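Just so we're clear, the structure is a prediction, and the values are computed from it rather than from any experiment. Order of the sequence lines sets the chain letters (A, B, ...), proteins ahead of strands, with each chain counted from 1.
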Amino acid sequence: METMQTDVGPETLSLVLFSGTDDKLNAATVLVSGAAALGRPVNVFLQYWALEAFQRDRIDKDHGASPEAGPEGQELLRKGRETPGYQHWAETLRQAKGLGEVNIQACALSMDLFGITRDDLDPVADGVEGVVSFLISAEGGQILFI
Amino acid sequence: METMQTDVGPETLSLVLFSGTDDKLNAATVLVSGAAALGRPVNVFLQYWALEAFQRDRIDKDHGASPEAGPEGQELLRKGRETPGYQHWAETLRQAKGLGEVNIQACALSMDLFGITRDDLDPVADGVEGVVSFLISAEGGQILFI
Amino acid sequence: METMQTDVGPETLSLVLFSGTDDKLNAATVLVSGAAALGRPVNVFLQYWALEAFQRDRIDKDHGASPEAGPEGQELLRKGRETPGYQHWAETLRQAKGLGEVNIQACALSMDLFGITRDDLDPVADGVEGVVSFLISAEGGQILFI
């Protein structure tokens, strides 16, 4: 198959969010915001523990840290939340949607597994889709699993 | 260096599987199946705890969940396994190899570290290779670390 | 927007290092060394627990294994360290910088969160930068989150 590459708009950044702890979701949000600020389209696909964390009754709460953080790491994150100027990742993510093209989709399979319905999700999530749709939207860009 | 991009077949998806828990291996298998269904070549490279999970004496068993799942999350996955229509990720991965071009290679360095031999691996693994070979097969496509 | 793709040097490999345990840092270092050996430019961005591990007073010590390793996995890694020919990942990373173009940057936001200064970092880290600079350096190449 031979084609000539003709289009090149800004490169898409796609993130599969799997983990539901605040340290990883902070790190992910920083990447989303940075890419949006650069004018890059961003796709986010929510699976498993990240999907669980995006439910409207808990998204703005604390979600702990990765188990590797240990008690000291947990304490460090807790102190970080008391710093003046601190902002929860969920709020940063909402603002990133104002900055650029950030599309957040819940994984249909994970929705079923967790018994989560569309109404359970925080409105920062734009919808529910299957993995094939996600992969198509990610095509030709960069993709991360977090 | 100036070259003109001429070939463009379907984009390769390459996954470094590092974790050996069922939630991550489920998530990885969903991505592999989706990519194979889209006609994309898929490369899988097995390291550490994922490699350990691909041994023939244990691949089809339970491998627990990520530590962040906690007891509730573990219970949720256990219930998922009792759902009608449930299929183990190992079986889904075998079927994905029938759908498309899915090549699964064990990392030679991890094999040595764990004292795992080719005969210990489940036949779903196609072989053993070094990281340079894996990186060459992944060139020009998307790559994920799970 | 239509442009013709003209340059194509070797593809950049960019790694966001988030985890600070030896198994993940080993796996990451193997990828860095492999890419450097292939003549590919490598960018490393240190966040959270990986950043913490790159401090000069601890980089060359033991950093444990991912919690999923369990006691058996921890013991396996401990034994690996006693094998003749064993080399710590930090030393392998220093050598990889001699092999090729490997640039290691600490995430400015994580530096602030952890109260880590430039002087606290091991000299294997080349500097401190923001996420936008990292994303620009990663553009057009492959990117992994570890």
query: Side chain, backbone, both or neither: which part of C/Glu68 has a non-hydrogen atom closer than 4.5 Å to chain B?
result: both
Atom CD of C/Glu101: over 12 foreign heavy atoms under 6.0 Å: no
message: Can you tell me which portion of B/Glu52 sits under 4.5 Å from chain C's heavy atoms? Options are side chain, backbone, both or neither.
response: neither
- request: Search all heavy atoms of B/Val124 against all heavy atoms of B/Arg94 and return the closest pair with its distance.
  value: CG2-CG, 3.8 Å
query: Taking all non-hydrogen atoms of both residues, which atom of B/Cys107 and which atom of B/Gln47 are closest, and how far apart?
result: CB-CG, 3.8 Å
- prompt: Cut-off 3.5 Å, side chains only: do C/Thr117 and C/Asp119 have a donor facing an acceptor?
  reply: no
statement: Of the listed C/Asn26, C/Thr83, C/Leu77, the one with the largest count of heavy-atom pairs under 4.5 Å with chain B is C/Asn26
- prompt: Of the listed residues (C/Ile146, C/Leu15, C/Val30), which shares the most heavy-atom pairs with chain B below a 4.5 Å separation?
  reply: C/Ile146
statement: Turns out that what part of B/Val131 lies under 4.5 Å from chain C's heavy atoms comes down to side chain
- prompt: Are B/Glu82 and B/Lys79 within salt-bridge range, i.e. N to O under 4.0 Å?
  reply: no
message: Quick one: does any side-chain atom of C/Ser110 pair with a main-chain N or O of C/Tyr48 as donor and acceptor, under 3.5 Å?
response: yes
task: Answer with side chain, backbone, both or neither: which region of C/Leu38 has an atom nearer than 4.5 Å to a non-hydrogen atom of chain B?
output: side chain
- line: Okay, B/Ser133 and chain C: the region with an atom under 4.5 Å from a heavy atom over there is neither
query: Picking from B/Phe18, B/Phe54, B/Phe134, what satisfies ring pair (Phe, Tyr, Trp, His ring centres under 6.0 Å) with B/Phe45?
result: B/Phe134
query: Given that the side chain runs from C-beta out, which part of C/Lys24 has a heavy atom under 4.5 Å from chain B: side chain, backbone, both or neither?
result: both
- prompt: Is there a donor-acceptor contact under 3.5 Å from the side chain of C/His63 to the main chain of C/Arg58?
  reply: yes
Max heavy-atom pair count under 4.5 Å with chain B, selected residue of C/Ser33, C/Gly80, C/Ala37, C/Ala27: C/Ala27
field: Option that, when pairs with chain B are counted at under 4.5 Å, heavy atom only, ranks first among C/Ala35, C/Ser66, C/Ala69
entry: C/Ala69
task: Sort B/Leu113 into side chain, backbone, both or neither according to what part of it lies under 4.5 angstrom from a heavy atom of chain C.
output: both
